[in-house]
Amino acid sequence: MAEPFRPTTPPGRGERRAVLRVHFTPGPDPLTPLLGRTRAGVLRRLVQRHSTTTLADGLGISVASASMHAKALREAGLVVTRREGKTARHQCSGLGLDLLGDRPAIV
């Protein structure tokens, strides 16, 4: 039976230190557990610029819900929003694109 993990103090001269290695193997969709299914979908869709209304229509959610998700992603720095008259247009920020990596957008 393996010994339980015991944190060690920094090693002194000639001492060895235990190293805990954690390997992350992403599943088919690592964003959904992190952001939730709808918010991950919003982020993916915003690889292309969308108004709140077209975002809602494309995801089958209410305009209020699309606005709420865009706001949360904007506050996290993952989305930028620009006003064009009365219309808000949302798009992934550089950080949002980095988080998405090479995952395809839902179009």
Side-chain angles (χ1 to χ4, degrees):
M1 182 161 117
E3 288 187 30
F5 173 75
R6 292 187 188 126
T8 61
T9 57
R13 186 173 202 144
E15 292 180 25
R16 290 189 172 186
R17 164 174 94 184
V19 176
L20 177 64
R21 296 184 194 273
V22 178
H23 297 281
F24 173 72
T25 305
D29 181 16
L31 286 181
T32 296
L34 178 66
L35 300 175
R37 190 186 81 225
T38 302
R39 197 159 287 162
V42 168
L43 185 64
R44 284 193 187 93
R45 185 162 285 275
L46 291 178
V47 167
Q48 298 175 356
R49 193 169 66 158
H50 286 278
S51 70
T52 308
T53 302
T54 61
L55 184 60
D57 290 345
L59 292 168
I61 59 178
S62 71
V63 173
S65 180
S67 178
M68 176 193 69
H69 288 299
K71 178 182 178 190
L73 292 168
R74 183 175 54 253
E75 289 176 350
L78 302 175
V79 166
V80 292
T81 300
R82 291 186 176 80
R83 301 289 301 179
E84 295 177 5
K86 292 183 178 182
T87 304
R89 302 227 183 252
H90 315 282
Q91 191 167 10
C92 279
S93 66
L95 181 61
L97 291 171
D98 287 345
L99 184 63
L100 288 170
D102 60 357
R103 302 257 178 213
I106 299 171
V107 190

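Remember, predicted model here, so these are calculated numbers, not experimental data.
- Residue pairs meeting the salt bridge (charged side-chain N to carboxylate O under 4.0 Å, His left out) criterion with at least one member in residues 55-70: none, sequence neighbours excluded.
- Partner of Cys92 under the side-chain contact (heavy atoms from CB on, under 4.5 Å) criterion, chosen from Leu97, Asp98, Val42: Leu97.
- A donor-acceptor pair is defined here as one N or O able to donate and one able to accept, closer than 3.5 Å; such a pair exists between the side chain of Ser93 and the backbone of Gly77.
- Judged as a side-chain contact (heavy atoms from CB on, under 4.5 Å), and not counting sequence neighbours, the contacts of Ser51 are Thr53, Thr54, Thr87, Arg89.
- Between the CG atom in Leu55 and the CG atom in Leu46 there is a gap of 5.0 Å [rounded to 0.5 Å].
- For Arg37, there are no side chain to side chain donor-acceptor pair (under 3.5 Å) partners two or more places apart in sequence or in a different chain.
- Closest non-hydrogen pair, Leu100 versus Leu43, comes out as CD1-O, 3.8 Å.
- Scanning for side chain to side chain donor-acceptor pair (under 3.5 Å) contacts around Thr38 gives an empty result, with sequence neighbours left out.
- Every residue two or more places apart in sequence or in another chain that forms a side-chain contact (heavy atoms from CB on, under 4.5 Å) with Ser65 is listed here: Ile61, Ser62, Met68, His69.
- Leu59 and Val63 are assigned to two separate hydrophobic clusters, defined by single-linkage of ILVMFWY side chains at heavy-atom distances under 4.5 Å.
- Atom CG in Leu34 sits 10.5 Å away from atom CZ in Arg39 (nearest 0.5 Å).
- A donor-acceptor pair is defined here as one N or O able to donate and one able to accept, closer than 3.5 Å; no such pair exists between the side chain of Arg45 and the backbone of Gln48.
- Atom CG in Leu99 sits 9.5 Å away from atom CG in Leu73 (nearest 0.5 Å).
- Qualifying side-chain contact (heavy atoms from CB on, under 4.5 Å) partners for Ala70, counting only residues two or more places apart in sequence or in other chains: His90.
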